[in-house]
Number of protein chains: 2
Amino acid sequence: MNLKKLSETLGLSQTTVSRALNGYPEVSEKTRLRVAEAARRHNYRPNTRARSLATGRAMAVGHVIPISTKHEIVNPVFADFIAGAGETYSKAGYDMVLSVVPDADEARAYAEMKAKGNVDGVIVHGPQLDDRRIPLLHEIGLPFVVHGRATGASLPYSWLDVNNRHAFERATSLLLDLGHRRIALLNGLETMDFALRRRAGFEAALRARGLEADPALMRSAEMTENYGHAAAREMLSTRTAPTAFLTSSLLVALGVRRAVEETGSRIGRDVSIVTHDDELSYFRNGDDLPVFTATRSSVREAGRLAARMLLDRIADPALGPQHRLLEAALVIGPSTGPAAR
Amino acid sequence: MNLKKLSETLGLSQTTVSRALNGYPEVSEKTRLRVAEAARRHNYRPNTRARSLATGRAMAVGHVIPISTKHEIVNPVFADFIAGAGETYSKAGYDMVLSVVPDADEARAYAEMKAKGNVDGVIVHGPQLDDRRIPLLHEIGLPFVVHGRATGASLPYSWLDVNNRHAFERATSLLLDLGHRRIALLNGLETMDFALRRRAGFEAALRARGLEADPALMRSAEMTENYGHAAAREMLSTRTAPTAFLTSSLLVALGVRRAVEETGSRIGRDVSIVTHDDELSYFRNGDDLPVFTATRSSVREAGRLAARMLLDRIADPALGPQHRLLEAALVIGPSTGPAAR
DNA sequence: TGCCCCTGTCAAAGCGCTTTGGATTCGCTT
DNA sequence: AAGCGAATCCAAAGCGCTTTGACAGGGGCA
């Protein structure tokens with residue numbers, strides 16, 4: 001069923017039918033109802049392609065997922081972010097188009113989206129230091145919102161981020177308050193901006209007490225269970241083993257827990273763990289009560305909000321850059337306790 | 001840059017330029033090169049909307065992600081499947097459009113995709129017993145491929161699946177061969193078809209030895225770490241504790257491991273674990289050597305293949321239903337050993 | 001030389017929609 | 001009765017592309 005047929009059935013012109021459906025004022029309420037009814041009955045939906053060709057708006061937003069050939073990792077938080085963003089898009093009648101490309105082609109993917117005209121804007125994932133995508137998107141003139149921030153970017157841009165620095169500063173302070181002095185940081189990849197900020201928060205909290213971060217207790221890697229296990233195991237075997245761990249994800253925390261338990265120590269009594277928790281839907285930090293003490297911030301909610309920001313930008317391109325800084329909650333679980341003496 | 005401008009710059013008609021770029025034979029090699037060169041120089045990409053309006057093909061495939069309000073879980077294997085499928089799409093010049101909808105609206109989402117004409121086909125995720133989506137998609141006439149199978153579907157359809165039954169049958173036999181008699185099955189949600197098949201494999205292996213499955217040793221739930229931990233902990237505390245566990249995902253296995261270690265037993269010596277491993281990129285079963293004995297099948301590869309199947313169907317709608325059954329590898333790790341006596 | 005058939009090119013129609021710029025009707029006022 | 005807005009509705013253009021059908025020009029053949 002298309003506009004033409006529908007208008008013929010109704011004995012109206014395409015113009016009138018179109019206006020009726022799109023809420024224009026110059027059509028009487030009576031015909032509007034008649035049209036709406038017929039549209040429903042025939043299950044009519046305007047063809048997206050034709051509509052966006054006519055309007056110039058694609059009614060879709062893009063997400064580029066780079067896959068590297070080196071370490072083919074699909075960011076685990078990605079699924080939840082997408083789910084959140086998708087909710088917002090659906091409600092607003094927007095489509096979400098994903099483009100999976102080798103990371104070397106990422107820049108090209110954005111240019112292509114613009115040239116092909118199949119999206120009105122994009123969300124930028126996983127910003128790094130001096131991220132190249134920001135000037136690029138400015139140049140090609142595609143509205144965008146960054147999930148996270150890119151330290152060193154000279155151009156203004158819209159972003160939504162968790163206050164990673166503050167979160168890790170608080171988490172570290174908590175451990176210090178509990179008497180811990182040797183605290184290990186198992187960070188995410190420090191090519192990522194968020195990891196740098198977390199580290200900064202960690203170091204700031206130590207400095208505030210006149211302590212200095214021990215390089216031997218700091219690691220940076222892809223956030224896997226194996227990484228947490230290996231790093232913790234190694235650190236725990238030294239004479240100057242840490243009494244507490246601060247980890248960048250639940251998965252890493254799980255690895256640390258395993259290593260700790262292997263030594264026969266008990267979590268929360270002998271060794272404390274604080275982790276960041278993205279509240280992934282399929283990987284919760286406990287069902288009702290938290291298992292780990294954590295800095296908590298829902299990445300799904302971040303997706304919803306970032307999508308909202310982007311749609312606003314698309315609706316009003318003149319809008320200045322917007323920023324949204326989410327604070328992580330600090331939830332206390334049984335994985336932390338006073339430092340053993 | 002659009003076709004019109006490009007053809008004006010070249011002093012050619014739009015027809016010729018279009019044909020040159022699309023590889024039609026009736027244009028001389030000389031002009032083809034000239035056109036291709038100019039297109040590259042001006043970074044020309046045909047506008048997707050206009051093109052698909054003209055051709056009638058959307059050059060996109062859809063994935064519907066239902067989110068339930070009850071248990072808002074985004075399937076963790078989803079990200080990797082999408083990544084795999086996305087690779088195939090990208091290479092073939094197709095877009096991937098995701099639609100995140102409340103699960104009550106899933107049927108509507110498919111109908112809408114068809115009516116809006118923004119996809120040429122869809123992939124159906126997570127089929128259940130007598131899945132309603134299969135007759136629905138037949139009815140609305142949208143090409144589709146199912147990832148998994150739907151027992152009880154009366155209409156023919158194309159699918160790609162892992163031989164879950166066989167995998168779990170082998171895994172169970174392995175444990176039986178090692179002398180285990182009390183084997184627990186921590187299955188996924190048994191509303192899912194794959195879980196039913198895994199269970200069938202498990203039971204068949206037991207029956208083949210004249211054993212019967214003990215209901216007390218079988219659980220079915222969303223595959224989380226907490227679930228694995230709670231179930232194992234409970235089972236291990238009984239007089240008739242199992243000596244081996246068969247789990248549906250690495251995450252669940254992790255939970256089991258935690259529970260086992262809490263009792264002071266050792267994995268692989270006192271208690272054995274075999275798990276299914278989807279080879280998720282962000283959650284590997286060991287880096288080089290496996291940590292768990294596992295039935296292994298890459299869900300990412302499944303995504304690549306399923307996407308390929310769908311594209312083939314789209315290219316030739318007359319194609320009969322196709323099936324592809326992938327065998328899981330059985331990899332032996334240190335998590336299994338002879339039953340303690 | 002004349003005819004035919006390729007080869008290479010083009011103009012124009014059409015995909016399904018929105019939107020501009022009229023046209024028509026209707027209800028009132030004067 | 002004529003005139004005049006306001007309220008409705010419509011024809012047609014245009015979005016950027018593909019594709020049909022036609023047309024020049026040139027080489028081969030008799």
Side-chain angles (χ1 to χ4, degrees), chain A residues 1-36 38-39 42-60 93-95 112-120 315, chain B residues 1-36 38-39 42-60 93-95 112-120 315:
Chain A
M1 177 53 64
N2 59 19
L3 225 212
K4 192 168 169 200
K5 290 219 202 77
L6 184 64
S7 59
E8 278 165 7
T9 349
L10 280 161
L12 288 170
S13 75
Q14 295 190 36
T15 311
T16 306
V17 176
S18 170
R19 309 210 109 147
L21 293 172
N22 291 317
Y24 280 73
E26 51 275 82
V27 42
S28 73
E29 209 47 39
K30 205 179 62 186
T31 42
R32 187 192 303 287
L33 279 165
R34 200 160 68 91
V35 170
H42 293 90
N43 194 28
Y44 167 76
R45 289 286 183 304
N47 180 300
T48 317
R49 311 276 154 176
R51 158 179 266 183
S52 69
L53 184 55
T55 59
R57 285 168 308 132
M59 293 305 284
Y94 272 73
D95 284 337
E112 202 149 299
M113 281 187 161
K114 170 69 175 185
K116 295 201 303 180
N118 62 162
V119 301
D120 296 319
Chain B
M1 177 55 63
N2 59 20
L3 226 211
K4 192 170 167 199
K5 289 219 202 78
L6 184 64
S7 59
E8 278 165 7
T9 348
L10 281 161
L12 288 170
S13 76
Q14 295 189 37
T15 313
T16 305
V17 176
S18 171
R19 308 211 111 144
L21 292 173
N22 290 316
Y24 281 71
E26 52 274 80
V27 42
S28 73
E29 210 47 39
K30 204 180 63 187
T31 42
R32 187 191 304 286
L33 279 165
R34 201 159 67 89
V35 170
H42 293 89
N43 193 30
Y44 168 77
R45 289 287 180 304
N47 179 301
T48 317
R49 311 275 154 174
R51 159 179 266 183
S52 69
L53 184 56
T55 58
R57 286 169 306 132
M59 294 304 282
Y94 272 73
D95 282 338
E112 202 149 301
M113 280 185 161
K114 170 69 175 185
K116 294 202 301 180
N118 61 164
V119 301
D120 296 318

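All chains are named by letter (A, B, ...) in the order of the sequence lines, taking the proteins before the strands, and each is independently numbered beginning at 1.
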Inset, instruction - May I ask you to say whether A:R32 pairs ionically with A:E29, meaning some side-chain N is under 4.0 Å from a carboxylate O? - result: yes

Legend entry - Euclidean distance, atom CZ of residue B:R49 to atom C1' of D:dT18 [Å, nearest integer]: 17 Å

Inset, instruction - Could you state the atom-to-atom distance from CE of B:M1 to P of D:dC17 in whole Å? - result: 10 Å

Legend entry - B:R19 side, atom CZ; B:L12 side, atom CG - distance, nearest 0.5 Å: 13.5 Å

Legend entry - Distance, nearest 0.5 Å, that separates CZ of B:R49 from CG of B:N47: 8.0 Å

Legend entry - Nucleic acid contacts of residues 7-14 of chain A, taken as heavy-atom distances under 4.0 Å to DNA chain D: A:G11, A:L12, A:S13

Legend entry - Side-chain N or O of B:R51 closer than 4.0 Å to phosphate OP1/OP2 of D:dT18: yes

Inset, instruction - Take the protein atom CD of A:E26 and the nucleotide atom C1' of C:dT19, then report the distance between them rounded to whole Å. - result: 10 Å

Inset, instruction - Just call it for B:S28: base, sugar-phosphate, or nothing, with non-hydrogen atoms closer than 4.0 Å on any strand. - result: sugar-phosphate

Inset, instruction - Identify, between A:N2 and B:T31, the residue whose nearest nucleotide on DNA chain C lies closer to the 5' end. - result: B:T31

Inset, instruction - Identify which nucleotide among C:dT20, C:dG16, C:dT18 has an atom closest to any side-chain atom of B:L53, counting heavy atoms from C-beta outward. - result: C:dG16

Legend entry - A:V27 side-chain proximity, nearest of D:dC9, D:dG14, C:dC15: D:dC9

Legend entry - Side chain of B:T15 (C-beta onward), nearest among C:dT9, D:dC10, D:dT19: D:dT19

Legend entry - Distance in angstrom units between A:Y24 OH and D:dA7 C1', rounded: 18 Å

Inset, instruction - Identify whether any heavy atom of A:R19 sits under 4.0 Å from a base atom; if not, whether one sits that close to sugar-phosphate; answer base, sugar-phosphate or nothing. - result: base

Legend entry - Any side-chain heavy-atom pair of B:E112 and B:N118 under 4.5 Å: no

Inset, instruction - With DNA chain C as reference, determine whether A:A50 or A:T16 sits nearer its 5' end, using the nearest nucleotide of each. - result: A:A50

Inset, instruction - Report the distance from atom CZ of A:R57 to atom P of D:dG14, rounded to the nearest whole Å. - result: 21 Å

Inset, instruction - Measure the CG-CG distance between B:L6 and B:L21 for me, rounded to the nearest 0.5 Å. - result: 7.0 Å

Legend entry - Closest-nucleotide ordering on DNA chain D, the 5'-leading residue of A:E29 and B:K4: A:E29

Inset, instruction - Look at the side-chain N and O atoms of A:T55 and state whether any lies under 4.0 Å from the OP1 or OP2 oxygen of C:dT18. - result: no

Inset, instruction - Quickly work out the B:L3 CG to D:dG14 P distance and round it to whole Å. - result: 18 Å

Inset, instruction - Check whether any side-chain nitrogen or oxygen of B:Y44 sits under 4.0 Å from OP1 or OP2 of D:dC17, and answer yes or no. - result: yes

Legend entry - Rounded distance [0.5 Å steps], OG1 in B:T48 versus CG in B:L53: 12.0 Å

Inset, instruction - Please examine the side chains of A:N43 and A:M1, heavy atoms only from C-beta on, and report whether any two atoms are closer than 4.5 Å. - result: no

Legend entry - B:N47 CG to D:dC17 P, straight-line distance once rounded to whole Å: 6 Å

Legend entry - Gap separating the CG atom of A:L3 from the CD atom of A:E8, nearest 0.5 angstrom: 10.5 Å

Legend entry - Length of the NZ-P vector between A:K5 and C:dG16, whole Å: 8 Å

